[in-house]
Amino acid sequence: MSDKPQKVVSSSDYTEEYFLTCCQGFSEFGSTTGNILPLRLRIPWEIADIKPNDLILDLGCGRGELVKQATLQGNNIIGIDYSPAALKLSKQLLNKLEVNKRNGKFSLICGNAFDLPIKDETFDFVIMLDVIEHLYEEETNNSLRNIRNILKPNGKLIIHTMPNLNYYRWGYPIFRLVEKVRGNILPKNPRDRWKDYSHVHVNEQTPRKLSKFLSKNGFKSNVFLYNLNDFKNEKNIFFKKIMSILVNYVPFKWIFCNDIIAIAVKK
């Protein structure tokens, strides 16, 4: 347990509207009630290679779709979120899950990353997807130390975060210029594309920055870029192919890939 950080984003900023209209994956959630995971959840889950009997903590469980999928696959999982709106949506989703389809067990807790009500060396995996960019630096350090404590000796921490600040600094201005030529006007600040909620991103990362956070707090990590954009809204086949090359191949991906994944273990 750590002292409460001086600065935190208020849980009241994460409303039901946020989770249902802004938080990435809301369209899949609305159309499939959590039966199909958005790429930002599905790919890190697959990379983690979690086995059916592993005990998992989903830190920042949001709408609860990952908790649902883990339960269906036979995992025992605890979902934690400090947003009452998130827990409400998670409970609604999981209460609809038929008992005979629950191959694993789940529970939901109202809590936060810097004060985890959990015994040390409990979990095989901690999943932290699209959370770290919402935590101030002091809160991030406290949270990572707590996560390290509750992981088993061979346990793993799986992180996904976006944006990649290198894309926002270098790649986005190029993309914006190309889109302008194509007749599409984008805001100068990429965050203005989601103006109502851009203020909740208080600790955006680069791969190098995330590696330093993890090392500082007792983790050995593999941090890498992994494209999670399927460009399904791009109708021009030529531009779709070009964008796919830019986000998937070195050296272009260093400034055009917007997703960061980390797999971390205790030092």
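- Under the 4.5 Å side-chain heavy-atom criterion for ILVMFWY residues, a single connected hydrophobic cluster contains both Leu129 and Tyr226.
- Side-chain contact between Phe29 and Leu93 is present, with heavy atoms from C-beta onward closer than 4.5 Å.
- Salt bridge present: Glu179 and Arg182 bring a charged side-chain N and a carboxylate O closer than 4.0 Å.
- Ile260 and Val265 are members of different hydrophobic clusters when ILVMFWY side chains are connected at heavy-atom separations under 4.5 Å.
- In this structure, Lys152 places its NZ atom where more than 12 heavy-atom neighbours from other residues, nucleotides or ligands lie under 6.0 Å away.
- Not a single donor-acceptor pair under 3.5 Å links the side chain of Lys188 to the backbone N or O of Arg176.
- Cluster annotation: Met162 and Leu39 are assigned to distinct hydrophobic clusters (Ile/Leu/Val/Met/Phe/Trp/Tyr, side-chain heavy-atom contacts under 4.5 Å, transitive).
- Between Arg191 and Glu133 there is no salt bridge, since no side-chain nitrogen of the basic residue lies less than 4.0 Å from a carboxylate oxygen of the acidic one.
- Heavy-atom contacts from other residues, nucleotides or ligands closer than 6.0 Å to NZ of Lys240 number more than 12.
- The shortest side-chain heavy-atom distance between Ile158 and Ile50 does not fall under the 4.5 Å cut-off.
- More than 12 heavy atoms of other residues, nucleotides or ligands shown are found within 6.0 angstrom of CG on Asn184.
- In this structure the side chain of Ile47 reaches within 4.5 angstrom of the side chain of Phe224, judged on heavy atoms.
- Within 6.0 Å of CD1 in Ile185 there are more than 12 heavy atoms belonging to other residues, nucleotides or ligands.
- In this structure, the separation between CD on Glu139 and CG on Leu144 is 10.5 Å, given to the nearest 0.5 Å.
- Looking at Leu116 and Ile80, their side chains come closer than 4.5 Å, going by heavy atoms from C-beta outward.
- Atom CG of Asn112 is separated from atom CG of Leu135 by 9.5 Å, given to the nearest 0.5 angstrom.
- Residues Asn164 and Thr206 have side chains in contact (heavy-atom distance under 4.5 Å, counting atoms from C-beta outward).
- Residue Ile36 qualifies as open at atom CD1: its count of foreign heavy atoms under 6.0 Å is 12 or below.
- For NZ of Lys91, the number of neighbouring non-hydrogen atoms (other residues, nucleotides, ligands) closer than 6.0 Å is 12 at most.
- When the side chains of ILVMFWY residues are joined at heavy-atom separations under 4.5 Å, either directly or via intervening members, Val200 and Leu20 end up in a single hydrophobic cluster.
- Side-chain contact check for Gln205 and Asn203: at least one donor-acceptor pair (N or O, by modelled atom type) lies under 3.5 Å.
- Rounding to the nearest 0.5 Å places CD of Glu46 at 8.5 Å from CG of Leu37.
- Taking NZ of Lys88 as the reference point, atom CZ of Arg63 lies at 15.5 Å (rounded to 0.5 Å).
- By the neighbour-count criterion of 12 heavy atoms within 6.0 Å, atom NZ of Lys156 is sparsely surrounded, having that number or fewer from other residues, nucleotides or ligands.
- Contact check for Leu225 versus Pro207: side-chain heavy atoms found under the 4.5 Å cut-off.
- Under the 4.5 Å side-chain contact rule for hydrophobic residues, Phe238 and Phe231 share a cluster.
- Looking at Asp120 and Asn149, their side chains never bring a donor and an acceptor atom within 3.5 Å of each other.
- Taking CZ of Arg42 as the reference point, atom CD of Glu28 lies at 10.0 Å (rounded to 0.5 Å).
- In this structure a side-chain-to-backbone donor-acceptor pair under 3.5 Å is present from Ser90 to Gly62.
- Taken from CD1 in Ile56 to OG1 in Thr122, the straight-line distance is 14.0 Å, to the nearest 0.5 Å.
- Within the 4.5 Å cutoff, no side-chain heavy atoms of Lys180 are placed close to those of Leu186.
- Between Thr32 and Glu65 the shortest side-chain heavy-atom distance does not fall below 4.5 Å.
- Ring geometry for Tyr14 versus Tyr18: interplanar angle over 60°, hence perpendicular rather than tilted (30 to 60°).
- Taking the six-membered ring for Trp and thresholds of 30 and 60 degrees, Tyr172 and Tyr167 have ring planes more than 60 degrees apart, a perpendicular arrangement.
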